Amino acid sequence: MTIRVQAQPFDYGAESNAFARSSDGAGAIVTFCGVVRDNDGTLRGMEIEHYPGMTERALSTIEAEARSRWSLSDALIIHRHGALNPGEMIMMVATASRHRADAFAAAEFLMDYLKSRAPFWKKERTATGEGWVEAREADEDALKRW
Amino acid sequence: MTIRVQAQPFDYGAESNAFARSSDGAGAIVTFCGVVRDNDGTLRGMEIEHYPGMTERALSTIEAEARSRWSLSDALIIHRHGALNPGEMIMMVATASRHRADAFAAAEFLMDYLKSRAPFWKKERTATGEGWVEAREADEDALKRW
Amino acid sequence: MTLTILYFAWLRERIGLPRETVQTEAATVADLVDELRAREERYAFTFADLKAVRVALDQELTDFDAPLAGVREVAFFPPMTGG
Amino acid sequence: MTLTILYFAWLRERIGLPRETVQTEAATVADLVDELRAREERYAFTFADLKAVRVALDQELTDFDAPLAGVREVAFFPPMTGG
């Protein structure tokens, strides 16, 4: 089980391969990767603020909860903070299980909780100014199903 | 949208990175990778037989169905056939969407249909002999939810 | 009519060949299976329990009561185990 | 009691500092917020609508009616937008 909160970029593919290799015998690997998206071509960049200390605690709690609910042989969370450019990878999660349904459910659970319960805040910088990304009601609602 | 059925190994990480990069603006990337697992340490290898022609048709149909159900900017299916060793990667799917819920649902849908509706058959070779892997009832049941 | 029949996985192994060409007037897949069963013991053995067999006509999954009119390729195989 | 208060995202920007130390006898988070609001306009402005504010005590998410007894670190921030 690995949690990394870092300013520097990570290599999604290399992390996915390393995770799959170390989860020998798992059978089913699921990964999620979030990319800085530029919906209308005006995004210049993004700044991610976080709460050092609480971030790691929150991610550990979320991951422990996922492990208690599903049969996982391994899990990985990497989340960046600081300045990011459009197209850069913000974060990834990976889950490994003998059963694909567990790997999928756990990865989606980790994402849902990470979105609304881990202390990260995104600020977008566009051609016309900058502003904090507002939390989506759909993200809060997504927690209710678990 | 890419479908590849091949005997040679593929690089899960490199494919994941290339997929994420080409899905610029998608925001959410989900991948699944199936690994030859050796549950009790007796597996020597696996042989995957398939039905050339029908395999590509079935995968295309499944992928088109996923695209009609969810908002996907891209999808990828790679599946190997022939001889595989324990620990080798059998197949992967990847989905890209602006919304993570769509990317997750589509990837799980692709996996569920690929398991039971694409003409692949696995034969396992162990220390004591060889045998065809039997279809699991749970895999057939998994289709009912879609 | 002339049909190409393909066998996969344990059906291929039991019958002992991956494909063959047959002349038949069978109206449905079930009729064709009956003709094959009547041929030789290995066919009767292979098609003993149709619950364990799936069929595709011209590469589309179908049922045993599907008509063969216009079909060129019939494939028999066990439930699929991809992924 | 002495509390360290942390502010994140737009709360940090509106108040103009990332952290401060306060002496308070506030019994709950809500009491503390009332004290802060009474201090200066920028606090009143920042805490005008508590529906848009979340609070953590010693790095655990909680509610505004949570007691402050024994707490060392209070953090105020908007709904989280990670992932």
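Convention: sequence-line order gives letters A, B, ...; per-chain numbering from 1. In this text, all values refer to a predicted model and were calculated from it rather than measured experimentally.
- For A:Pro9, the side-chain contact (heavy atoms from CB on, under 4.5 Å) partners two or more places apart in sequence, or in a different chain, are A:Arg80, A:Glu88.
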_side-chain hydrogen bond (donor to acceptor under 3.5 Å, both in side chains) evaluation trace for B:Thr31 with A:Thr31_ = CA-CA 5 Å; B:Thr31 75; A:Thr31 75; 2.5 Å; yes
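- Between B:Leu114 and B:Ile62, the closest heavy-atom pair is N-CD1, 4.0 Å.
- Side-chain contact annotation: A:Thr61 with A:Tyr113, donor-acceptor N/O pair under 3.5 Å absent.
- The residues A:Glu15 and A:Arg4 are annotated as salt-bridged, a charged nitrogen and a carboxylate oxygen being separated by less than 4.0 angstrom.
- B:Ser71 and B:Ser97 share no side-chain donor-acceptor pair at under 3.5 Å.
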*When you look at B:Asn17 and A:Asp11, which way does the side chain to side chain contact (heavy atoms under 4.5 Å, CB included) test go after all the steps?*
CA-CA 8 Å; B:Asn17 267 344; A:Asp11 185 326; 2.7 Å; yes
*From CA spacing to verdict: ring-ring contact (aromatic ring centres under 6.0 Å, His included), B:Phe120, B:His81*: CA-CA 8 Å; B:Phe120 291 101; B:His81 59 85; 8.0 Å; no
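- For a residue to count as touching a neighbouring chain, one of its non-hydrogen atoms must lie under 4.5 Å from one of that chain's; by this rule B:Met89 touches chain A with the side chain only.
- Put simply, the side chain of B:Thr126 gets close to the backbone of B:Gly129: a donor and an acceptor are under 3.5 Å apart.
- Within the 4.5 Å cutoff, the side chain of A:Phe32 has heavy atoms near those of the A:Met91 side chain.
- Of all non-hydrogen atoms in A:Ala58 and A:Ala118, the two that sit nearest each other are CB-CA, 4.1 Å.
- Contacts between residues 48-56 of chain B and chain A, defined by a heavy-atom separation under 4.5 Å, are made by no residue at all.
- In summary, A:Arg117 and A:Glu65 do not engage in a salt bridge, as defined by a charged side-chain N under 4.0 Å from a carboxylate O.
- Of all residues spanning residues 99-106 of chain B, those with a heavy atom less than 4.5 Å away from chain A's heavy atoms are B:His99, B:Arg100, B:Ala101, B:Phe104, arranged by number.
- Checked by atom type and distance alone, the side chain of B:Asp74 pairs as donor or acceptor with a backbone atom of B:Met1 at under 3.5 Å.
- For residues 138-146 of chain B, heavy-atom neighbours of chain A at less than 4.5 Å comprise B:Asp139, B:Ala142, sorted by residue number.
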